[in-house]
2 protein chains.
Amino acid sequence: MADILRRDSAMPLHAQITEALQLQIKAGELKAGENFPSERELAERFSVSRMTVRQALLRLRSDGLIYRERGVGTFVANRKIDVHTRNLSGFSEEMISLGLTPSSRVLQLTRETAAERVAQDLDLEPDAAVFHLERLRLADDEPMAFETTYLSAHLCPQLDSVDLTVNSLYEILTEKYNLQMHHAAESLEAAAATRFVAAQLDIKIGAPVLVVHRVVYSEANQPIESAHTTYRADRYRATFYLSKNAL
Amino acid sequence: MADILRRDSAMPLHAQITEALQLQIKAGELKAGENFPSERELAERFSVSRMTVRQALLRLRSDGLIYRERGVGTFVANRKIDVHTRNLSGFSEEMISLGLTPSSRVLQLTRETAAERVAQDLDLEPDAAVFHLERLRLADDEPMAFETTYLSAHLCPQLDSVDLTVNSLYEILTEKYNLQMHHAAESLEAAAATRFVAAQLDIKIGAPVLVVHRVVYSEANQPIESAHTTYRADRYRATFYLSKNAL
DNA sequence: ACAAGCAAGTGGTCTAGTCCAGTATTCAAG
DNA sequence: CTTGAATACTGGACTAGACCACTTGCTTGT
């Protein structure tokens, strides 16, 4: 066990400890049976104060990797669940993590004034300029979803000059416009495919589809994106991980 | 502002501070504009150490009520989202929070041996005993969902003698069997109503429905419940709050 | 008028302890 | 053999400080 923490690193000690323990758990060095060291033992082993290892352990707990019992100890949780959608990824990232190859067909990318619903989602004046992006999302070259996205034009100028077939929209927003996704509100409902959507997704009119409406926010709670995605019900299932009250 | 913390209370100080600040935010005493006190100021005001108010503030942040910027300060987030499904509530709690009156019609409650899928979900031997519960869930006396629930029989003996039309299943599990829900994995998909479900929900065959499969776990990651809920698409929408990396 | 630099304030990190409330184990008394 | 008390652990809560990186706004010298 390499106990060496880099005290001069940009990464804080508690994050380094979190990472080290994560690795050991994933490598099976710390298994579901009890061999997990106590807070005091870890503090000594890493030569840090107990509060610091505590911070790391609380993080691991809220990530669902361990659980703790007062008076007893800390244990590795034997999760089977994919820690998946809870990480707020976009379509591309999600498909990749499922082992599929994502691609997009851009059907429309125009600059227009925001409709009422969009202005409300993005917290804009009623007639503010937005980009209106319509894409057919494919996985392994099969149509998977039809997506309509609205983005505030003043947050990402010249978005229309970017090749969205290759790059993930979220990558572009992060790297080019320094817009960091922080949290999102999603609502999901079942619906019957309209004629237009059915044609796009190559399914029958009236076939069930999963409609996801998502608004993505920055840390300062500024709305970045409002998206409306219609998935083929036979190819897509949304999965979530819910937790009660982890600190 | 009542700064009085009960130091002899069972509730820890940081939780009391969290609660106090929550109330002030909801009451509008702390608004989205900047008047939020700094950590040091709060520490002095509550007569606690800075680490203690910090714990409260981190909790408020991970709940999405505030956001923080290093070198700048702490701000009230102007959420519009219902802090809702992220709290892992059951059908009853969810309906109540939507202002509807939940009720149930128990269609079946039997003790049987676990099918393969159920045994897998609940981490049981193939032929272990389970309770099989089928309920029609109503909101304001209108059919909303059809739910099939499986529970491991050895975790909640004599479940068949409980009146499930009145009490929430989760309340019973918590109070009677000391089973604390801690986290859950959910998957959602759209489907077309089968004849049986259509009859139960009073909709047409083939109408879109939202099918939610949920496995609920205790803190020690022991599976407690496996549920399969079919919602009327025209009356129900699932909402989620996703966050990236709040500590 | 402007830019550079300084100081004050903020959240983030960390320390080295203390005390408490649970939980196991051990061991002795009944 | 059982019960009960002591003990030695665990995680949870809390303190009173420290230093750092970062932002902002004020001041001062050109």
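Numbers restart at 1 for each chain; the letters A, B, ... are given by sequence-line order, proteins then strands. Below, each value reflects all heavy atoms present in this structure, side chains not excepted, and no hydrogens, waters or symmetry copies. It should be emphasised that the depicted structure is a prediction, and the values quoted were computed from it without experimental measurement.
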* Check whether any side-chain N or O of A:Thr110 sits under 3.5 Å from a backbone N or O of A:Glu112 as a donor-acceptor pair, and report yes or no. => no
* To do: Considering only NZ, NE, NH1 and NH2 on the basic side and carboxylate oxygens on the acidic side, decide whether B:Glu41 and B:Arg45 come within less than 4.0 Å.
  => yes
* For A:Arg70, what residues pass the salt bridge (Lys or Arg N to Asp or Glu O under 4.0 Å) criterion, not counting sequence neighbours? -> none
* C:dG9 P sits how many Å from B:Glu44 CD, rounded? -> 13 Å
* Structure fact -> Quick tally for nucleotides 6-14 of chain D: nucleotides whose base has a protein heavy atom under 4.0 Å get B, sugar-phosphate-only ones S, the rest -, giving ----BBBBB
* Examine the side chains of A:Tyr217 and A:Glu225 and answer whether a donor and an acceptor come within less than 3.5 Å of each other. => no
* Is it true that A:Phe36 and A:Phe75 have ring centroids separated by less than 6.0 Å? -> no
